[in-house]
Structures are given as C-alpha cells and as structure tokens.
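Structure first, then comments.
As a basis for the values below, the full set of heavy atoms in this structure was taken, side chains included, without hydrogen atoms, waters or symmetry mates. Residue numbers run from 1 in the order of the sequence given.
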Amino acid sequence: MTMNELYWYLFSFIAGAALGAFYFGGLWLTVRQLAKTNQPILWLSISFIGRLALTLAGFYLIAAGQWARLLIAIGGFFLARLILVKRFGYVKQQGV
C-alpha cells in the first residue's frame with residue numbers, strides 16, 4: 001500500500017462520516033419538523049429523496065470505481081450513525 005492509497009482511504013473514511021452526519025442529521029431535523037408542518041408526508045418524502053440522492057451521489061464520487069474506497073466510506077457512514085445515536089439518543093417506541 002502506497003502513501004497515496006492511504007491518503008485516499010483516509011479521505012474516503014472522513015467523507016463517508018461526513019455523508020453519515022449529513023444523512024442522519026438531516027433525518028433528525030426532519031423528524032423534529034414533522035409535528036410543526038401541515039403536510040408531514042410531503043416534508044418526509046422530499047427530505048428522504050433529497051438526503052438519499054445526495055448521499056448516493058457522494059458515495060459514487062468517493063468510490064471512483066474502487067470497491068475498497070466504497071467499503072471504507074460506508075464504515076465512516078455507520079460510525080457517524082453510531083455517534084449521532086449516542087449524542088441524540090435512541091427512543092424505542094412501545095408496541096412497534
């Protein structure tokens with residue numbers, strides 16, 4: 001492994017974590033807005049499509065045709081999820 005590859009892997013991990021923070025942070029903001037809006041289904045749908053499109057485009061650009069970069073970026077993505085769940089908490093709903 002060359003130093004150049006190592007830098008790309010580090011970049012992939014950090015960029016994946018940034019995508020995770022964007023995706024799950026956006027989800028958190030969306031859920032908070034649902035009670036305040038008159039059209040929650042529209043708000044939720046637009047938010048989901050926008051977050052998903054930007055996240056998938058980000059993964060596509062990060063991967064650049066290399067599966068190793070994609071896997072490392074996905075690792076950063078899920079690390080961001082773990083950190084955000086720990087930060088904002090996870091509330092289990094009863095009866096679900």
Legend entry - Connected via hydrophobic side-chain network under 4.5 Å: Tyr7 and Leu61: no
Inset, instruction - Determine, using the 4.5 Å side-chain heavy-atom cutoff (strictly less than), whether Ile74 and Trp8 are members of one ILVMFWY cluster. - result: no
Inset, instruction - First locate atom CG of Leu34, then atom CD1 of Ile41, and finally report the distance between them rounded to the nearest 0.5 Å. - result: 8.0 Å
Legend entry - Pi-cation contact, Trp67 with Arg69 (under 6.0 Å, within 45°): no
Inset, instruction - Please answer: with hydrophobic residues joined when any side-chain heavy atoms are less than 4.5 Å apart, are Phe77 and Leu56 in the same cluster? - result: yes
Legend entry - Minimal non-hydrogen separation, Ala21 against Leu84, with atom names: CA-CD1, 3.9 Å
Inset, instruction - May I ask you to check whether over 12 heavy atoms, not counting those of Leu42, lie within 6.0 Å of atom CG? - result: yes
Inset, instruction - Give, for atom OG of Ser45 and atom CD of Gln39, the distance between the pair rounded to the nearest 0.5 Å. - result: 10.5 Å
Inset, instruction - First locate atom CG of Leu29, then atom CZ of Arg51, and finally report the distance between them rounded to the nearest 0.5 Å. - result: 9.5 Å
Legend entry - Pair Phe24 + Phe88: ring centers closer than 6.0 Å: no
Inset, instruction - With rounding to the nearest 0.5 Å, note down the distance linking CZ in Phe59 to OG in Ser12. - result: 10.5 Å
Legend entry - Which atom of Ile62 lies closest to which atom of Ala73, heavy atoms considered: CG2-CB, 3.8 Å
Legend entry - Shared hydrophobic cluster for Ile14 and Tyr9 (ILVMFWY, side-chain gaps under 4.5 Å): no
Legend entry - Side-chain (Thr37) to main-chain (Pro40) donor-acceptor, under 3.5 angstrom: no
Legend entry - Closest approach of Ala63 to Leu70 (non-hydrogen atoms, all atoms of both residues): CB-CB, 3.9 Å
Inset, instruction - Taking all heavy atoms of Gly26 and all of Ser47, pick out the closest pair and write down the distance. - result: O-OG, 4.3 Å
Legend entry - Closest contact, heavy atoms only, Phe13 versus Gly75: CE1-C, 3.9 Å
Legend entry - Approximate separation, where rounding is to 0.5 Å, of Leu27 CG and Arg81 CZ: 10.0 Å
Legend entry - Flag, side chain of Gln33 to backbone of Thr30, donor-acceptor distance under 3.5 Å: no
Legend entry - Atom pair CZ (Phe48) and CG (Leu44), whose distance is rounded to the nearest 0.5 Å: 9.0 Å
Inset, instruction - Give the cluster check for Leu52 versus Val31: same hydrophobic cluster or not, with ILVMFWY residues linked at side-chain heavy-atom distances below 4.5 Å. - result: yes
